[in-house]
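Throughout, a chain's letter reflects where its sequence line sits, starting with A, and its residues are numbered from 1. Since the model is a prediction, treat every value here as computed from it, not as a measurement.
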Amino acid sequence: MFMAAYPFDRIEAKWQQFWDTHQTFATREDPSKPKFYVLDMFPYPSGAGLHIGHPEGYTATDIIARYMRMRGYNVLHPMGWDAFGLPTERYSMTTGIHPRTATANNIATFKRQLKMLGFSYDWTREIDTTDPRYYRWTQWMFRLIYNSWYDHEQQRARPIEELPIPSTVDNVEAYRDAHRLAYMALVPVNWCEELGTVLANEEVDEWREKGYTVERRPMRQWMIRITAYAERLLADLDLVDWPESTKEMQRNWIGKSEGAEITFPVIGTEESVTVFTTRPDTLFGATYLVLSPEHPLVPIITEPEYRDAVDAYITEAHRKTDLERTDLAREKTGVFTGAFALNPATKREIPIWIADYVLMHYGTGAIMAVPAHDQRDFEFATAYRLPIEIVVQPPTGALEEPLSHAYTDDGIAWNSSNDEVSLDGLPTPDAKKRILTWLQQRGIGRPAIRYKLRDWLFSRQRYWGEPIPILHFDDGTRRVLDEDELPLELPDVQDIKPTGTGESVLATVPAWMDVWDPKTGKHGHYETNTMPQWAGSCWYYLRFCDPHNTEHFADPNRLRYWLGTDPNRGGVDLYVGGAEHAVLHLLYARFWHKVLYDYGYVPTKEPFAKLFHQGLILGEDGRKMSKSLGNVINPDEIVRDYGADALRLFEMFLGPLEATKPWSSQGIEGIKRFLDRLWRMYTEPNGSLSRAIVDVPLTRDQARLLHRTIKKVQEDIEALSFNTAIAQMMIFVNEFSRLPERPREAMEKFVLLLAPFAPHIAEELWQLLGHPNSLAYEPFPTWDEELIHDEVVEIVLQVNSKVRAKIHVPADCNIDQLKQYALDSEDIQRFISGKTIKNVIVVPGKLVNIVVE
RNA sequence: GCAGGAGUGGCGGAAUUGGCAGACGCGCUGGACUCAAAAUCCAGUGGAGCUCAAAACUCCGUGUGGGUUCGACUCCCACCUCCUGCACCA
C-alpha cells in the first residue's frame, strides 16, 4: 500500500491559524525574564513577491526566536516594510496605479507569503516606513539632525543654539547653517535624465548596469554631515560582534589616513598651496606640485601664456564623469600652469601643474608629487619628463637608476638634508617624525588626519519618499517645521511624471508650492526633495521596541529594556541580513543611532551588537537566479509541493548559513523523505498516535543518543550551525524509527528539539502526544553529561602513526593500562617485534601510537 | 593592485585543543516487497592494487610545493585558483 506521507497542507494551515487566533507570538515583556532581540533586515516589498533567498535569513532568525522563547527569554522578533522607493514610483509612472495602492498590494503579498512560512513574528508590531505615523518620526529625527552641530572637542552633536558664534561673524544664521549636521550645498551630483533624478554615488553603478546614463551636474542638495562622525564610526567597530569582512569594508569606506599638511609658497605671489601627504618624509623628493582642475587657486596663479591650455583642460575634465576619469586612469594627463612653488626643504623652485588624477574632494585638492616614491606621480613624471629624485632607499641594497617604477615601501631616508634638518639614515617612521617637528617649528606644516568618507547626499527628486520638513520662504530664508507640525504628509498626486526640471513631482502640486506660513506670516513653499530610501531603515529597529507610541519615537524605558543599558555593549542582540548592505545601510544606521545617542535618546553607542550575513542561494545551475536564465525557484511552488516545514528545513540543511550555495530540487526530496519518516515514527497510517510509542524507560544506548542529540542541536543552534543540527536529528530519526518500542520520553523531547526548525509538524505531534497547548513556550530539553559518555570506547592502536588495530576498553581506562593493552596486542606485535621502541604516545579515549625504529 | 573569505568523493557538505578524513543528505549499484511500477525497507558506495570472486591485506588521497610534529584538512612559509568588496583617496 501507499506509504503515508504527512499531510502538510492541512497541518500547516491549522497551526498558522492557531498561532494567529491565540496571539501565540505577541511579544511578552515580563520584567522577571531576560530579553532577546532578534531582527531581520526588513524587506522592500517589491511587486515580484518573496524571493527564495528571503526565507533563508528569516528561517535562521525564526529558529533563534523560537529557541530563545523555549529557553525562557522574552523575545522581540518583529517584521515590517521598507516601502518607500524608486521601483514603486516607476511602476506607478507606467501603470497609473498610485504608489500607495501598489505598496499596499505588495505588502499584502509579502505578508501572506511570510505567514505561509510559519514565521513567529509579532505582527502587532508590524511597521511600514510609508505610514505617516512612522515617517513623522523620521522627519522628527531629520529635524534633530538639522538643529545640531558637531562639537569636535566634546566629540558629540549639540543643539545649534549652543554653537559659539565668533565675534567677527555678523550673519549668525548663515554661520549656523554652515555648521548644521544637515545642510544645503551646491554639489556636483549624478544626474540621470531618464529617471529624472540624481543618484547617490553608491547607486550610480547599479543604474549604469541597467543601461541608464548618468552625468555630473551641479545642483543644490541636502547633505548630512556624516563625516563629523568618521572617527567614532571607525573606533566603535571594536564594540560589535560583526563579520570581520564587513568591519573591514566599513574601515576602508571611512578610509582614515594619517599624514601632514605642508604649505608651499607660490613664487612671486602672496599665495601658497597647502597639500596633504601621508609621506612627509619624502618632502626632499617633491619635484613638482599638482592641483586638482577644480582647485580655487588655479585661475589665480596660472600665467597668461598658459591660460588657454589650462582652461581647455579644465573644460575637458568637467565634461567627463567620475567614471570616465577613473576609466582612463591608465594614461595620466595634465598641463603646466606656468607658476612655480618653493620646496621649503630643498629651497628649489618646482613647477605647479594641474591634473585630473588629483581629486578636489580629497585632502586639500593639491599634492606634492614625489615621483620616486609614488607610482601615480612616477607615471605622470615619466609622461611629462619631470625630474625624479630618490630620497628613500630600501633597508638593504640601493635603488638602480633610472627607476622602472616608484619605490613606495618604507625604507631609509637618503639625500634628505638641508642647513636646518637632516633625515638621512632614518627609517621612514622616524623620518616622518623628524620632518614634522621641523615643519611645525617653521610654521609651514602640521600633522593632519583625512578620511575618504564623504558627506551623505540626502535628497532625492522623487515623490515616493519621506518629505523633508522644510519651508522655503520667498525672501530666501527657510525654517524647519516644529514638532507640532509633523508629520508633513505627502500630498496626493494622481499623475506621477518627471517634471523634467530636475525637481520632483511635488513641484507641480499647488498646495505644496503656495504656502502661507501661520507661524511667521511669510509666503513660501515646502521642500520639493524627499529623503533617500536609506532614511526609513536608519531607525526602524528602534520603532519595533514601541511601535504605537504617539508621544515619542519609542519609550526610553522600552529602549533600555530591549537594547540594554551598557552603552558599550547592547543593541539588537542578533541582526541577520544580506552582505550587500555591509556598507551603506549599516553605516547610515550607525551614524543615525550615534546622533540619537549624543542626545541620550538611545542607551547604546551601537545599534546592532551581533551581525550575521546569510549567503546567497544560487540557481540549480550554480549561477545567480534570474528570470532571463530561467533558473528562478518560486517559494510559493515549493510550499505548495513540499510544505513550509520542508522549505525551512531544506534551506537550513543546504550548507552553512553564511555560504553561497546552489539550490537542489533533488535535495528537497531528501528532506521530504525525512519528514515522512518522522511522521511515520509518531503516527499510525490513519493519523492517530503510533502504538509503538509506549511508556518504557530508555535503554542506555537510547538515552545516550537522545542526550547527544539534545546537546548537539542546542550547541549548533547557538552557533547558527543549523545544517549540522539537522544532520543530528536525521541520525536520531534513523535510529528511533526502526525501534518496535519507542519510549515516550524520547519522543516528547525530540519533538521539542525539532520545533524551532519545523514548527508546524512539531506542534501537531505535540498535540498527538496529548498536550493541549502550543509547545512554543515549553522548556527546551536539557541533557545529562553523564549519559552522553560512552562506557566503552574504541581506541586506535598505531605504529609509526599508521592505524594497525582497534580495541575496545572501558572509558575510564588510564594511560598505563592503555599502553599495556597496546603493547600486548597481537596485531601490534606483528609490527613491533624485533624493533626498538623509541616512544609511546597515549591519548586517553582516543589512541595509542607506538614509535619504533 | 589592495582588503576579506574559500578550495575536502560524482554533487551539497561534516570533522572540539593537531589524534580513525568523508558525519548527514543527494546521486548511483545490488537486494526485499510487487504481475509490474511507484512508495517503503535492507545492504553497499573516495581512488588504485592484490583476487576467478569475496573477505583480508597493501598503497595513495583534503588546490600546489616545502616545513614543524610521534601524528597535519587543522599550525608555519611560498605559490595557484575561485568568490566578494574597494580601487588615481596622495
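Nearer the 5' end of RNA chain B, as judged by each residue's closest nucleotide, is the contact made by A:L654, out of A:G667 and A:L654. Residue whose closest nucleotide on RNA chain B sits further toward the 5' end, between A:A659 and A:T364: A:A659.
The nearest whole Å value for the distance from the CD atom in A:E379 to the C1' atom in B:A90 is 13 Å. In this structure, A:K256 atom NZ and B:A3 atom C1' are separated by 18 Å, rounded to whole Å. With rounding to whole Å, A:E620 atom CD is found 15 Å from B:C26 atom P. A straight line from CZ of A:R450 to P of B:C88 spans 19 Å, rounded to a whole angstrom. One atom, CD of A:E248, and another, P of B:C2, lie 14 Å apart when rounded to the nearest Å. Atom CG of A:D716 and atom C1' of B:U16 are 12 Å apart (whole Å). Rounded to whole angstrom, the span from the OH atom of A:Y357 across to the P atom of B:A87 amounts to 19 Å. Atom pair A:K711:NZ and B:A23:P shows a separation of 21 Å (rounding to whole Å applied).
Contacts of A:N800 with the nucleic acid, taken as non-hydrogen atoms under 4.0 Å apart, are absent. Nucleic acid contact class of A:R673 (heavy atoms, under 4.0 Å, all strands): sugar-phosphate only. Using a 4.0 Å heavy-atom criterion, one finds that A:K838 contacts no nucleic acid atom at all. Nucleic acid contact class of A:Q798 (heavy atoms, under 4.0 Å, all strands): base. Counting any heavy atom pair closer than 4.0 Å across all strands shown, A:T724 reaches sugar-phosphate atoms only and no base atom. Across all strands shown, A:G670 has heavy atoms under 4.0 Å from sugar-phosphate atoms exclusively, and none from any base. Using a 4.0 Å heavy-atom cutoff across all strands shown, A:L847 reaches at least one base atom of the nucleic acid. Residue contacts shown for A:I731 are limited to sugar-phosphate atoms, with no base heavy atom under 4.0 Å away.
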For RNA chain B, the dot-bracket notation using Watson-Crick and G-U wobble pairs below 3.5 Å, [ ] for pseudoknot-type crossings and | for other-strand pairs, is (((((((..(((......[....)))((((((.......))))))((((.......))))..(((((..]....))))))))))))....

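The backbone N or O of A:L618 sits nowhere less than 3.5 Å from a side-chain atom of A:K624 that would complete a donor-acceptor pair. When atom types are taken as modelled, the side chain of A:K247 and the backbone of A:V240 share a donor-acceptor pair closer than 3.5 angstrom.
Ionic pairing of A:E785 and A:K711 is present here: one or more N-O contacts between side-chain nitrogen and carboxylate oxygen are shorter than 4.0 angstrom. With salt bridges taken as basic N to acidic carboxylate O contacts below 4.0 Å, one links A:D790 and A:R704. Here A:K661 does not pair with A:E651 in a salt bridge; the nearest charged N to carboxylate O distance is not below 4.0 Å. Between A:K672 and A:D645, no side-chain nitrogen of the basic residue sits less than 4.0 Å from a carboxylate oxygen of the acidic one, so the salt-bridge criterion is not met.
Across B:A90, B:C70, B:A14, the shortest atom-to-atom separation from the side chain of A:S801 is found for B:C70. The side chain of A:P656 has B:G13 as its nearest neighbour among B:G25, B:C20, B:G13. Set against B:A14, B:C88, B:G19, the side chain of A:N849 has B:G19 as its closest nucleotide. The side chain of A:K802 approaches B:C59 more closely than any other nucleotide in the set B:C20, B:G27, B:C59. Candidate nucleotides B:C88, B:G4, B:C24 were compared by shortest atom distance to the side chain of A:K332, and B:C88 ranks first. Considering only the side chain of A:R677, B:G25 comes nearest among B:C42, B:C88, B:G25. Listed nucleotides: B:G27, B:A23, B:G25. Nearest to the side chain of A:A727: B:A23. In this structure, the nucleotide among B:G12, B:G25, B:G4 sitting nearest to the side chain of A:K661 is B:G12. Considering only the side chain of A:N734, B:G25 comes nearest among B:G27, B:A23, B:G25. Of the candidate nucleotides B:A23, B:C20, B:A90, B:A90 has the atom lying nearest to any side-chain atom of A:S257.
Residue side chain A:K846 does not reach the base of B:C20 through any donor-acceptor N/O pair under 3.5 Å, judged by distance alone. The base of B:C20 is paired with the side chain of A:E794 by a donor and an acceptor separated by under 3.5 Å.
For the C1' atoms, the distance from B:C59 to B:G1 is 45 Å, rounded to whole Å. Distance noted for atom C1' between B:U62 and B:G31: 34 Å (whole Å). Separating the P atom of B:A87 from that of B:C70 is a span of 50 Å, rounded to the nearest Å. Remark: the separation of the P atoms in B:G4 and B:C11 is 30 Å, to the nearest Å. A distance of about 38 Å separates the C1' atoms of B:A48 and B:A39, rounded to the whole Å. Taking atom P in both B:C88 and B:U69, one finds a spacing of 47 Å when rounded to whole Å. Between B:G47 and B:C41, the two C1' atoms lie 30 Å apart (nearest whole Å). When the P atom is compared between B:C73 and B:U8, the two are found 15 Å apart, to the nearest whole Å.
Aromatic ring pairs are classed by plane angle as parallel below 30°, tilted from 30° to 60° and perpendicular above 60°; the pair A:F750 and A:F732 is parallel. Ring planes of A:F380 and A:Y357: tilted class, angle from 30 to 60°. Taking the six-membered ring where the residue is Trp, A:Y362 and A:F276 present perpendicular rings, their angle passing 60° and hence far from 30°.
When only modelled atom types and interatomic distance are considered, A:S665 and A:E620 share a side-chain donor-acceptor pair under 3.5 Å. The closest side-chain donor-acceptor pair between A:Y451 and A:S257, if any, does not fall under 3.5 angstrom. Side-chain contact, A:S292 with A:E294: a donor N or O sits under 3.5 Å from an acceptor N or O.
A side chain to side chain donor-acceptor pair (under 3.5 Å) with A:T709 holds for exactly one of A:E735, A:Q728, A:Q714; it is A:Q728.
When the side-chain nitrogen and oxygen atoms of A:R251 are compared with OP1 and OP2 of B:G4, none of them lie within a distance under 4.0 Å. Phosphate contact (OP1/OP2 of B:C57, side-chain N/O of A:R804, threshold under 4.0 Å): absent.
For B:G9, the base adopts the syn conformation, since its glycosidic angle falls within 90 degrees of zero.
Note that A:R742 lies outside the cation-pi zone of A:F736, set by a 6.0 Å cut-off to the ring centre and a 45° limit from the axis.
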Annotated protein contacts, base or backbone, on nucleotides 75-83 of chain B with a non-hydrogen cut-off under 4.0 Å, one of B, S, - each: ---------

